[in-house]
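Reminder, nothing fancy here: chain letters follow the sequence lines and each chain counts from 1.
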Protein chains: 2
Amino acid sequence: MDADKVFKALGDATRRRLLDLLCENNGQTLGQLCENLDMARQSATQHLEILEAANLVSTVKRGREKLHFINPVPLHDVYERWVRKFERGRLSLLHDLKRELEGE
Amino acid sequence: MDADKVFKALGDATRRRLLDLLCENNGQTLGQLCENLDMARQSATQHLEILEAANLVSTVKRGREKLHFINPVPLHDVYERWVRKFERGRLSLLHDLKRELEGE
DNA sequence: ATAATATGCAGGCAAATACCTGCATGTCAA
DNA sequence: TTGACATGCAGGTATTTGCCTGCATATTAT
């Protein structure tokens, strides 16, 4: 997993919206996704390319259409590497902060 | 939680490194953090400001020093909103993808 | 008081980003 | 085959980003 690509991909509201759209209805074409986006088709294509480079979306060509599918694996990896790490020490980290804010 | 700020903050290797450094040793000063970064102090300051704006880091001034503490709450929120959502449908999403890749 | 230390503030610059328009290609259906 | 439709490719531009340097301020220690 390339953490940088995954996080950068997630760091844009349009791309997170695309993931949400695919979560509601997996396997949509570029055209279908564009109908929900309010931007030129080309811009949506670029966003989808970034999601694909991060391996968050995989595509399949069917005739003249291109179908888009979510790949949930990188998100799971992000959780394992980033969220769980801080989750483990969560209470003690919060404690550090609170104690310091209260003037030690 | 401002998802956009949190994701954008996480979308940079230097800032993720800062979070790791604080996870190892919470409450470090700007100077201490800079020693591990290989960039000018000002650049590090800007990264820390972004982490602070995303509420991932809180600071306390002590004399002439500024102490930095991780706030694990936004990361937890990101998990709740983004990772768990896809985690729930994870197997079926993977199934969609696999079936399509195999030619349906 | 004065020097050393820790951080803040302002501005400048190159690269990356997120849009766009215009045209080309490939596929389906009449 | 030909026209309509779905997507690909190329390039142009304004904004944002990440880094820097130079100078200012505030705190501690001698």
field: Under 4.0 Å protein heavy-atom contact, by nucleotide of nucleotides 17-24 of chain D - B base, S sugar-phosphate only
entry: -SBBBB--
Value in whole Å for how far the C1' atom of C:dT27 lies from CZ of A:Arg64: 6 Å
- request: Please name the residue in the list A:Leu75, A:Asn71, A:Ile70, A:Val78 that meets the side-chain contact (heavy atoms from CB on, under 4.5 Å) test with A:Leu56.
  value: A:Leu75
- request: Round to the nearest Å and state the distance from B:Asp4 atom CG to C:dA18 atom C1'.
  value: 13 Å
query: Charged N to carboxylate O under 4.0 angstrom, B:Asp20 versus B:Arg15?
result: no
- prompt: In whole Å, what is the span from the CD atom of B:Glu35 to the P atom of C:dT7?
  reply: 10 Å
For atom CG of A:Leu10 and atom C1' of C:dA18, their distance in whole Å: 17 Å
statement: Assign each of A:Gly63 and B:Gly31 the nucleotide of DNA chain C bearing its closest heavy atom; nearer the 5' end lies the nucleotide of B:Gly31
field: Side chains of A:Ser58 and A:Glu52, donor plus acceptor under 3.5 Å
entry: no
query: Does OP1 or OP2 of D:dA26 have a side-chain N or O of B:Lys61 closer than 4.0 Å?
result: no
statement: A:Lys66 atom NZ is separated from D:dC9 atom C1', nearest whole Å, by 12 Å
query: Given that A:Glu65 and B:Leu30 both sit by DNA chain C, which one's nearest nucleotide is further toward the 5' end?
result: B:Leu30
- prompt: Is a side-chain donor or acceptor of A:Gln32 paired with a backbone partner of A:Thr29 at a separation under 3.5 angstrom?
  reply: yes
message: Please tell me whether B:Tyr79 and A:Tyr79 form a close aromatic pair, meaning their ring centres lie under 6.0 Å apart.
response: yes
message: Does this structure show an ion pair linking B:Lys8 with A:Asp12, if we count only N-O contacts that are shorter than 4.0 Å?
response: no
